[in-house]
Amino acid sequence: MKILVVGSGGREHALVWKIKQSTKFKTQNSILFCAPGNAGIAQIAECVDIKVEDIDRLLSFAKKEGIDLTVVGPEVPLTAGIVDEFENAGLRIFGASRRAAEIEGSKAFSKAVMKKYGIPTAEYEAFTEKEKAISYVKAKGAPIVVKASGLAAGKGVIVASTLEEAIDAVNMIMGDKAFGAAGDEVVIEEFLEGEEVSFLAFTDGKIVLPMPSAQDHKRIYDNDEGPNTGGMGVYSPAPVLTDELRERVMKEIMLPTVQGMASEGRPYKGVLYAGLMMTRKGPKALEFNARFGDPETQPLMMRMKSDIIEVMEAVIDERLSDIRIEWDNRASVCVVMAAGGYPGDYKKGDEIKGLDDAAKMNDVMVFHAGTALKDGKVVTNGGRVLGVTALGNGIKEAIDSAYQAVSKINWNGVHYRKDIGRRALSAKA
Ligand code: AMP
Ligand code: GLY
């Protein structure tokens, strides 16, 4: 079997690692490729130097190699239609189609779907004219949330605590075009309070099989201070999501969204990731992503016991009703080690030390994100560099083990949060 994973982050390292354990993959004379990959992925798969946006080259590569299954990590190729192009060429690919991925690619679209199908979410309006957006902000007052509708690499959301900040945000997005065309339309919505939870599920367009819950830590510094990042660490499960709330999320959010997308003529197949706010009035959807989360995937893959290839093939063939997914009952924690300065400017090319020591620990995986090989050494090559992930009997053990592994690894200017999982420990659940 020949498999191609598209992407180069910690999420893709975790997917590549999990795919390699698939019985189906192992029992056939299989080859695993990753485009473009990173230094960690290169140790277990063959990296191909093609960028994730270059769908034409990815397609020619897949045709030339006779790839049996392609798995797409990031949102950019999904929203650009990689799945449609591969399917048109008769190739099997796991991910949301272009029109389905619009649920992430356009917040205005995603909010309209939520409104139409009665999915609990923040009250909102969408605007294509700056002056109207500003009048609405003034009428509503602060706190209020201003979002660029299009893809902005996780930076297009401004949670404004004052009216002035909110107006500045509209001007920055629509006037200065800080996120380019992603800011042609803005979504302005009610500020919701609560704990955030990431809820990911496999779906074949009808059946929805949820993964365990996970909680990300978006801010760069401890105690949720400083600017937003792609995610600085995750724990799974999230105690705030009780069994009862999980059922509500499935019934009120996940199933109606998948059914709604089908009714819209945009059948949703792949991973649907709901960013939830657990408010006093119950779970509400903040946003949807059309893909696995990063770093949520790292602890989730360590907890997944079933064969991921079987699940992905069942999604493609629309027979998820045949599948049961088994999960490890243990908790998992991922601590992201980042380059100093991230999410602003940061240095690349620092040698990473201690990787071998950390790798010797049981039930610990050091997933690579921004890393590269230089003169035989692993060096930093991005903002988020590593996702050190551990399993443990309970969150406390997983936290201790992840931080023990983190303490063995070092480079010049490394930064990581010291409080990943602390909130789960103080939760009553
Ligand atoms: P999004 O990309 O829409 O999930 O927004 C990014 C982050 O902004 C979320 O993870 C939340 O922390 C925050 N956020 C988004 N929408 C709201 C909202 N309506 N109320 C409060 N915080 C929000
Ligand atoms: N961890 C946030 C995301 O994947 O979007």
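The shown structure was predicted, so the numbers you read here are calculated from the model rather than taken from an experiment. Order of appearance sets the numbers: ligands from 1, and atoms from 1 within every ligand. For the numbers below, each heavy atom of this structure counts, side chains included, while hydrogens, waters and symmetry mates do not.
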Do the side chains of [X] and [Y] get close enough for a salt bridge, i.e. N-O under 4.0 angstrom?
X	Y	value
Lys111	Glu189	yes
Arg417	Asp224	yes
Glu313	Arg92	yes

Enumerate the atoms of ligand 2 whose separation from the nearest heavy atom of [X] is less than 4.0 angstrom.
X	value
Asp216	1 (N), 2 (C)
Gly230	1 (N), 2 (C)
Glu296	1 (N), 2 (C), 4 (O)

Distances under 3.5 Å, N/O of ligand 1 against N/O of the protein: list each pair and its distance.
residue: ligand 1; atom: 2 (O); partner: Lys107; partner atom: NZ; Å: 3.1
residue: ligand 1; atom: 2 (O); partner: Glu287; partner atom: OE1; Å: 2.9
residue: ligand 1; atom: 3 (O); partner: Lys107; partner atom: NZ; Å: 3.1
residue: ligand 1; atom: 3 (O); partner: Lys147; partner atom: NZ; Å: 2.8
residue: ligand 1; atom: 4 (O); partner: Glu287; partner atom: OE1; Å: 3.3
residue: ligand 1; atom: 4 (O); partner: Glu287; partner atom: OE2; Å: 3.0
residue: ligand 1; atom: 10 (O); partner: Glu196; partner atom: OE1; Å: 2.6
residue: ligand 1; atom: 10 (O); partner: Glu196; partner atom: OE2; Å: 3.4
residue: ligand 1; atom: 10 (O); partner: Lys218; partner atom: NZ; Å: 3.1
residue: ligand 1; atom: 12 (O); partner: Glu196; partner atom: OE2; Å: 2.4
residue: ligand 1; atom: 16 (N); partner: Lys147; partner atom: NZ; Å: 3.0
residue: ligand 1; atom: 16 (N); partner: Glu189; partner atom: OE2; Å: 3.4
residue: ligand 1; atom: 19 (N); partner: Glu189; partner atom: OE2; Å: 2.7
residue: ligand 1; atom: 19 (N); partner: Glu190; partner atom: O; Å: 2.9
residue: ligand 1; atom: 20 (N); partner: Leu192; partner atom: N; Å: 2.8

Item to check | Short N or O distance, Asp294 and ligand 2, threshold 3.5 Å exclusive | outcome: yes
Checklist entry - After noting the C-alpha distance and the side-chain angles of Glu310 and Lys24, does the key distance pass the salt bridge (charged side-chain N to carboxylate O under 4.0 Å, His left out) rule? => result CA-CA 8 Å; Glu310 276 180 18; Lys24 195 155 180 192; over 6 Å; no
Checklist entry - Can any side-chain N or O of Tyr403 pair as donor or acceptor with the backbone N or O of Val335 at less than 3.5 Å? => result no
Item to check | Location of contacts on Asn289 toward ligand 2, heavy atoms closer than 4.0 Å | outcome: side chain
Work out whether the distance between some heavy atom of [X] and some atom of ligand 2 is less than 4.0 Å.
X	answer
Gly293	yes
Gly275	no
Phe292	no

Checklist entry - Is the NZ or CZ atom of Lys418 positioned over Tyr416's six-membered ring, under 6.0 angstrom from the centre and within 45° of the axis? => result yes
Next on the checklist: Surrounding CG of Asp176 (heavy atoms of other residues, nucleotides or ligands, distance under 6.0 Å), is the total greater than 12?
Outcome noted: yes
Next on the checklist: Is there a side-chain contact (heavy atoms from CB on, under 4.5 Å) between Met250 and Phe199? Walk through the geometry before answering.
Outcome noted: CA-CA 9 Å; Met250 282 297 286; Phe199 196 104; 3.9 Å; yes
Checklist entry - What heavy-atom pair brings Thr79 and Arg98 nearest, and what distance separates the two atoms? => result O-CG, 3.3 Å
Checklist entry - In the protein, which heavy atom is nearest to atom 5 (O) of ligand 2, and how far is it? => result Arg291 NH2, 2.8 Å
Item to check | Among Glu125, Glu190, Glu123, the one residue meeting salt bridge (Lys or Arg N to Asp or Glu O under 4.0 Å) with Lys140 | outcome: Glu123
